[in-house]
Amino acid sequence: MSRNPIIAGNWKMHKTPEESIKLANEIKRNTFKIEDVDIVLCPPFTSLTDVKDVIQDTNILLGAQNMSWKTEGAFTGEISSLMLKSAGCAYIIIGHSERRAYFGETNELVNKKLKTALTEGLLPIMCVGETLKEREAQKTFDVVSEHVHKGLAGIEGQDIIKVVIAYEPVWAIGTGKTATKEQAEEVHAFIRENLAKKYNSEIAEKVRIQYGGSVKPANIEELIKEKDIDGALVGGASLDAASFVEIIKGANKCYTPS
Ligand code: PGA
């Protein structure tokens, strides 16, 4: 079964609308020949519609970094799925570790957001992953399993195949310390086994699992060659067009459609 790779750039709280237009244009100019990799740009909310205009009629897709689990109402400061869809988003990042760590997002909230996204027609990228303390205490598999099972509670088989799971060990995010390909593959395979148990192996084989945490041009190829690594969620290296494009090209080079 071949899952085509998905490379998403999480710009986090970087780039004004003007800077976003420039970056998106540079990425667009250098990726127009790439057809087998799903490319997703996740700029800040204030740049979504500008980036949408830049990437229209290309194979690049738009994503947002967060959304409310509520669909409408008196929720000051929140952004709904309907607003994101109308701004051109296809994808939505849910439960990023920075949201869990700094904004108190729990597995229960992640699950609510996931359900809203699926009901409202956005494709979720659900982030899971352990902290350094948890890894050192040999709790990686417990934490990841809890993130996966609680995050996906009540999600049916026909919906899970729309979800991308991003394994992002917190200790590797923004630190320059990438998990080795063996460390990453071990957890990706574990996630897929969990999906096979929760759903079935046919469904588990269809779900794309991205790796995230200090992905750069120098390590994308070895990571993506691993059996259960289907792409990357890229932070820092996605803010520079040249390095993000190299990552996309690296993923493209290693992919052979079956
Ligand atoms: P990084 O961030 O590539 O800068 O480590 C990844 C992420 O947080 O998604």
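Counting convention: from 1, in listed order, for ligands and their atoms alike.
Near Glu168, with a cut-off below 4.0 Å to any heavy atom, the atoms of ligand 1 are 6 (C), 7 (C), 8 (O), 9 (O). Applying the 4.0 Å criterion to heavy atoms of Gly236 picks out, from ligand 1, the atoms 1 (P), 3 (O), 4 (O). For ligand 1, the atoms closer than 4.0 angstrom to any heavy atom of Gly213 are 5 (O).
With a heavy-atom cut-off of 4.0 Å, Ala172 touches ligand 1 through its backbone alone. Heavy atoms of Asn10 found under 4.0 angstrom from ligand 1 belong exclusively to the side chain.
A donor-acceptor contact shorter than 3.5 Å links the side chain of Asp230 to the backbone of Ile209.
For His96, a nitrogen or oxygen atom sits less than 3.5 Å from a nitrogen or oxygen atom of ligand 1, counting backbone and side chain alike.
Ranking the protein heavy atoms by distance from atom 3 (O) of ligand 1 puts Gly235 N, 2.8 Å first.
Contact analysis puts Lys12 in contact with ligand 1, with a non-hydrogen atom separation below 4.0 angstrom. Using 4.0 Å as the threshold, Ser214 has a heavy atom nearer than that to some atom of ligand 1. Heavy-atom separations between Gly174 and ligand 1 include at least one value shorter than 4.0 Å.
Within the 4.5 Å cutoff, the side chain of Trp11 has heavy atoms near those of the Leu239 side chain.
Note on ring orientation: taking the six-membered ring where Trp is involved, the planes of Tyr167 and His188 are perpendicular (angle over 60°, cut-offs 30° and 60°).
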**Candidate pair Lys133 and Trp171, rule side-chain contact (heavy atoms from CB on, under 4.5 Å), full reasoning** = CA-CA 9 Å; Lys133 210 165 145 210; Trp171 49 272; over 6 Å; no

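Residue Leu233 is found in a hydrophobic cluster whose other members, listed by chain and number, are Ile6, Val40, Leu61, Tyr91, Ile93, Leu123, Ile125, Val164; membership requires side-chain heavy atoms under 4.5 Å apart, directly or through intermediates.
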Taking distance alone, no hydrogens or angles, what donor-acceptor pairs closer than 3.5 Å link side-chain atoms of residues 248-257 to residues at least two apart or in another chain?
unit_1: Lys253; atom_1: NZ; unit_2: Glu221; atom_2: OE1; d: 3.2
unit_1: Lys253; atom_1: NZ; unit_2: Glu221; atom_2: OE2; d: 3.2
unit_1: Tyr255; atom_1: OH; unit_2: Ser2; atom_2: OG; d: 3.2

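Summarising the local packing, NZ of Lys198 is surrounded by more than 12 heavy atoms from other residues, nucleotides or ligands at distances under 6.0 Å.
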